[in-house]
Amino acid sequence: MVTHWMKPPLAAFPQIGHTGSRRRRRRPSCRKIAETSGPGLPPLDGDLEALDALSSDALVLFGGTGDLARKKIYPALLALAKRGRLDLPVIAVARGGFDAERFREYVRENLQLAGARDAFDRLAPRLDFVRGDYRAGATYAALRRRLGERERPLYYLAIPPDAFPDVVDQLGRSGCTRGARVVLEKPFGRDLASARALNAVLRERFAEESIFRIDHYLAKEAVQNLAYFRFANAVLEPVWNRHYVASVQVTQAEDFGVEGRGAFYDSVGAIRDVVQNHLLQIVAMLAMEPPNRLDGDAQRDEKVKVLRAIRPIARSDIVRGQYRGYRGEAGVDPESGVETFAAVRLAIDAWRWAGVPFLIRAGKRLAATATEVVVEFVRPPRQLFAEPVPSRANYARFRLGPDRVAIAIGVRTKAPGAAMVGRDIELYCCDQEPEAPDPYERLIGDALAGDGMLFAREEAVEAAWRVVEPALDDAEPPFEYEPGSWGPARASALAADAGGWHAPPPDRL
Ligand code: BG6
């Protein structure tokens, strides 16, 4: 007999039929937008301006010779070019002494071109360079000239956050903000007050829908799949609440250290680097109410409600750690009190989640590199079987990366034999998608198209700062931990009543 479950009440996600590994839901590309946006459009091979009146018509990259540009942005631009989605000038602005020719060479040297030479040949003539100081008016006059006829530039600020206000102000003064959009890298501010001040500076020059605050976790397939899995399956909703969920854990672990980013990292620490943004966004994805639509604002509205319902972190609910050897890293203050690990117990003041601990932790130089969510369900009300109490209750485990996306459901089944005793098994489903777009490719493409759904809104950023604010700049030194461990032993107390922290198991193939 086959039992049919009820369908989810609303189709919040576009239906795509088969959801197997290679045929995931895709938002329409620029090309698709053009195909569906009515008669009278020029041929598809024209530039983006012709394809979609709302798309940006130039990309201006501040910080064009920086680490982020090299590691993330140029590979993303190459990937967009490879898919035929980058047909506009890319103007880098930096202090370095390049001309356009040398700059193209620099980008080429920094890209892995295997299999992408044609794409680079298409990208290269579009690359241009403006040399100048971010604080000097002359830089912006030169930029304005270089933009020429372009009327809808997208400015990407891949620069240290303390330079954001000056750049935004100079863009405004030099008449560069008309029709423009702006992308900002995290961390967005250092605390609630500075985030508010930065938002105020931005809002003087840009409308909120033209501001794109990057949190690349929002564009990860695996993170989007959390929302998809929750709301495309009616079976979860009855148990997704305080009646059936005993605790929720989120671990973002890295087995490497600060890797040449010592000076930057030492100015932020784990709470500002990943907790305030990536981890709280995952919590919001797990805890939000079902949005009634999937468009930009419905989902973001629900997430803001959760972020606002999270209690600001109490001192007793956080353990900060620092790996042994951190103070000797290049660029790090030898006396640094900055945390490279944070474990936090969160409480959400919402009807659905009252009393359910959300335990989150993140750290560098831990025992493994893995991002994982474990939703632990309550135990059966009675222990019917004559066996020791199983060590774990049922759970849902979501592996969010780095290399694979997996969902596992932990259950008990009867062990073969005469006795009614069981064993723990996992129903495991893994989806490896090497061809999935990198989050930066997706985000840059979306920002160029003016689609803000995967970007953080002002209220969300501020609500997240409000949560972490009491834990910032603690004068108490962090606890030292051994590289290769799971952080300071002190952190276990936070999860004691939830059966301890779950170490992400090694990836299965
Ligand atoms: C970045 C942090 O935002 O996210 C890094 O600045 C961290 O410190 C990185 O390593 C993790 O991202 P991912 O995509 O590798 O999980």
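Start at 1 and go down the list; that is how both ligands and their atoms are numbered.
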(message) Counting non-hydrogen protein atoms only, what is the nearest one to atom 16 (O) of ligand 1? Give residue, atom name and distance.
(response) Y217 OH, 2.6 Å

(message) Using a 4.0 Å cut-off to any heavy atom of K364, which atoms of ligand 1 qualify?
(response) 5 (C), 7 (C), 8 (O), 10 (O)

(request) Is it possible for you to check whether R181 lies under 6.0 Å from the centre of the six-membered ring of F212, through NZ or CZ, and within 45° of that ring's axis? (result) no

(message) Taking the cut-offs as 6.0 angstrom to the six-membered ring centre and 45 degrees off its axis, would you call R213 and F188 a cation-pi pair?
(response) yes

(request) Output the distance between atom CG (D191) and atom CZ (R196), rounded to the nearest 0.5 Å. (result) 10.0 Å

(request) With heavy atoms of K220 as the reference, note each atom of ligand 1 found under 4.0 Å away. (result) 13 (P), 14 (O), 16 (O)

(message) Starting from atom 8 (O) of ligand 1, what is the nearest protein heavy atom, named by residue and atom, and what distance separates them?
(response) D273 OD2, 2.6 Å

(message) Only heavy atoms of H216, strictly under 4.0 Å: list the atoms of ligand 1 that pass.
(response) 1 (C), 3 (O), 4 (O), 12 (O), 13 (P), 14 (O)

(message) Show the atoms of ligand 1 that are less than 4.0 angstrom away from any heavy atom in R261.
(response) 2 (C), 5 (C), 6 (O), 8 (O)

(message) Assess whether a salt bridge exists between K186 and D215, defined as any Lys/Arg side-chain N lying under 4.0 Å from an Asp/Glu carboxylate O.
(response) no

(request) Just jot down the ligand 1 atoms closer than 4.0 angstrom to any heavy atom of Q252, in number order. (result) 11 (C)

(request) List every atom of ligand 1 that sits less than 4.0 Å from any heavy atom of H278, numbering the atoms from 1 in the order shown and giving each element. (result) 1 (C), 3 (O), 4 (O)

(request) Give a yes or no on whether a salt bridge exists between K305 and E289, defined as a side-chain N under 4.0 angstrom from a carboxylate O. (result) no

(request) May I ask you to decide whether R457 forms a salt bridge with D301, counting only side-chain N to carboxylate O separations under 4.0 Å? (result) yes

(message) For a 4.5 angstrom cut-off between non-hydrogen side-chain atoms, does S56 reach L448?
(response) yes

(request) Report, in ascending order of atom number, the atoms of ligand 1 lying under 4.0 Å from any heavy atom of E254. (result) 7 (C), 9 (C), 10 (O), 11 (C)

